[in-house]
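To find a chain, count down the sequence lines: A is the first, B the second, and so on, and within it residues start at 1.
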Amino acid sequence: MAGKNRLPRSLSLKSRVEIAGLLKEGRRFPGNYFTLVWMPAEEFKYGVFLSKQTGSAVERNRLKRLFREAVRLNRSHLDKTGKLALLPGKQANNKEFNEINADVGRMFERLNRET
RNA sequence: AAAGCAGGAGGAACAGUCGCGCUUUAAAUGAAUAUUUAAAGUGAGGAAAGUCCGAGCUCCCCAGAAUCGAGGCGCCCGGUAACACCGGGGCGGAGUGAUCCGACGGACAGUGCCACAGAAACUAUACCGCCCGCUUUGGCGGGUAAGGGUGAAAUCGUGGUGUAAGAGACCACGGCUGGCGACAGUAAUGCCGUCAGCGGGUAAACCCCGCCUGGAGCAAGGUCAAAUAGGGGAAGAGGGGCUGAUUCGUCCCGUUAUUAUUCCCGGGUGGACCGCUGGAGCCGGUGGGUAAUCACCGGUCGAGAUAAAUGACUGUUGGUCGCCUUCGGCGAUGCACAGAACUCGGCUUAUAAUUCUGCUUUCAAU
RNA sequence: GGCGGUAUCGUCUAGUGGUUAGGACAGGUGGUUCUCAGCCAUCAAGCCGGGGUUCGAUCCCCCGUACCGCUA
């Protein structure tokens, strides 16, 4: 169980080229609080991306942490491997963690069904 | 007690579980850089913010001495690595007061500007008025700047002498400016005496005087270096097939300044590493100083990310709000402003509850 | 992260300390027309916010806000 819920930094998307490709080519799934972009790949990789329009630095940091925590907890429910981008919208501001967590869980189940 | 002034503190705490970054150690894998796992340690602020000043550091021009230009600063003394910052003092202004505010050199170096109104806005002048003369009784000429009026600002104020009427024209008292001298003070300055004078304002208008400043910024700058394009230099006669295989043999292609091929130099994209955190550091004590702060002694190490680590959940306590209301209980709310990005010293701006110290005014009581 | 710049009616813009803050487009009203367009007349609407200097600030200075560039 210990190894199941880990989410080290090496799994986060870092390369500018990779990210641009994913956002351009990936399939989009709109959720309640965020948009999910999916592209099948050998290895699981994720990223949370926010623009300055979303809010102040504190709000952006908080959203990023909440979404990363949600990905960490729900990763075991995902059957497939691929690249994953989460684009939170303004409506996600000031939301409770369990609301975001539930939304991410729903989207992962939808991914399992539809791809 | 009420109202207020000044300076602070505070920036929820503890425990547990699951995670993330960094450091160290150990183990496994591996030729190695490393990767993975485990354990331990450690992990946002008083403003980390704005990027407004001052520095360190790096590169560039160059060798910062002077001049010119541009920009900044501007009462005095002290503090500091430095500052536009800080402390103390002076002067001016606001307030009953505690206290607060001040870009606070020069308008006699020169130039410009001062709308409207007003006679006149800066060197000349007179609208009403006052006085004298003349008069055709409508005014005209002259004198005057007291009074009225305009304006943000109008030639020092009051009283008198004087006069046709008046005026610093003269006198007394007072105010202001400048020079000189005495005293107090390191000084700014204050105060007294004396002499000269009393025609503005504006320098956050140009400017003058004194002082300071070379430019850019860690995405600075340096090291390594896949790939790709092209450049320079050197070597250079061979390369491929047939054969189990080397020599050999045979076939095809290329061949002497070239080309194929190889190597080196250079280049520097994706990327990696250094810069990268121990410093004008922090805490305590003693001493000097009104203070800012300095000296000495002792202790201490407290983030280092790079699509960028500090999060989630649970419980207890503390705030805050609401309800029941006697102690108290129940419920709600994760609870101000806000997130390190090379590092310091300041300034400015944003900040919820809560809370401490000193002082002022008014009222009341003793 | 660092370094610069801009802000004027709804939109695009003039405006070097005293302006009724000017113009164009858009908008409203009236007229012309059988009606619309066009034309004519006319109206409304603005200096990003807060301080300071000045008699007086869109303009000069300071602080903030928003937006836009440059830089590997």
Side-chain angles (χ1 to χ4, degrees):
Chain A
M1 191 61 198
K4 267 242 166 177
N5 286 334
R6 302 186 67 90
L7 192 73
R9 289 285 295 287
S10 53
L11 293 184
S12 74
L13 282 166
K14 290 187 179 180
S15 162
R16 184 181 293 273
V17 178
E18 234 180 325
I19 292 162
L22 171 59
L23 292 183
K24 203 175 166 190
E25 308 285 337
R27 195 171 157 195
R28 285 170 182 262
F29 299 89
N32 287 346
Y33 303 125
F34 69 102
T35 302
L36 192 145
V37 182
W38 168 262
M39 198 155 100
E42 300 264 319
E43 206 181 358
F44 177 84
K45 281 217 167 189
Y46 78 101
V48 182
F49 308 117
L50 294 128
S51 80
K52 270 204 171 172
Q53 310 299 324
T54 315
S56 68
V58 173
E59 287 166 335
R60 273 180 278 137
N61 269 336
R62 176 152 185 84
L63 276 183
K64 193 176 266 191
R65 283 164 189 157
L66 290 178
F67 273 94
R68 198 172 48 228
E69 182 71 8
V71 168
R72 180 176 80 83
L73 292 177
N74 286 291
R75 189 182 152 204
S76 54
H77 301 314
L78 195 63
D79 306 332
K80 309 177 169 66
T81 59
K83 292 182 189 170
L84 197 66
L86 284 77
L87 310 172
K90 266 188 178 171
Q91 67 273 23
N93 260 343
N94 300 319
K95 284 284 181 296
E96 290 290 311
F97 171 71
N98 43 29
E99 290 184 66
I100 289 171
N101 194 27
D103 201 32
V104 171
R106 275 198 300 278
M107 294 310 292
F108 276 22
E109 283 173 27
R110 192 171 159 201
L111 261 186
N112 286 336
R113 274 185 280 118
E114 297 192 9
T115 56

For B/U348, the nucleotide meeting Watson-Crick or G-U wobble distances (both under 3.5 Å) is B/A49
Can you tell me the base-pairing partner of C/U53? Count Watson-Crick or G-U wobble geometry only, both distances below 3.5 Å, and say none if there is no partner.
none
Could you tell me how far B/A312 sits from B/G334 if I compare only their P atoms? Round to whole Å.
12 Å
With distance as the sole criterion, do the side chain of A/R72 and the base of B/C18 form a donor-acceptor contact below 3.5 Å?
yes
Go ahead and name the base partner of B/C170; Watson-Crick or wobble counts if both distances stay under 3.5 Å, otherwise write none.
B/G160
Please determine, for C/U16, whether a Watson-Crick or G-U wobble partner exists with both distances under 3.5 Å, and give it or none.
none
Is a donor-acceptor pair below 3.5 Å formed from side chain A/E69 to base B/G19, judging by atom type as modelled?
no
Counterpart base for C/A41, defined by Watson-Crick or G-U wobble contacts under 3.5 Å:
C/U29
Any donor and acceptor pair, going by atom type alone, linking the side chain of A/T81 with main-chain N or O of A/F44 inside 3.5 Å?
no
Non-hydrogen atoms of A/R9 and A/K14 that approach each other most closely:
O-CE, 3.9 Å
A/L13 near the nucleic acid: base, sugar-phosphate alone, or nothing, with a heavy-atom cut-off under 4.0 Å?
sugar-phosphate
Using Watson-Crick or G-U wobble geometry with both distances under 3.5 Å, which nucleotide pairs with B/U177?
B/A196
Taking only the P atom of each, what is the distance from B/G222 to B/C276 in whole angstrom?
16 Å
Base-pairing mate for B/U247 - Watson-Crick or G-U, with both contacts under 3.5 Å:
none
Within 45° of the six-membered ring axis of A/F29 and under 6.0 Å from that ring's centre, is NZ or CZ of A/R110 located there?
no
Sugar-phosphate, base or nothing in reach of A/E96, heavy atoms under 4.0 Å:
sugar-phosphate
Which whole number of Å gives the distance between the C1' atom of B/A154 and that of B/A126?
13 Å
Indicate, with a heavy-atom threshold strictly under 4.0 Å, whether A/R68 touches base, sugar-phosphate, or nothing.
sugar-phosphate
Can you tell me the pairing partner of B/A1 across any strand shown, Watson-Crick or G-U wobble, with both distances under 3.5 angstrom?
B/U362
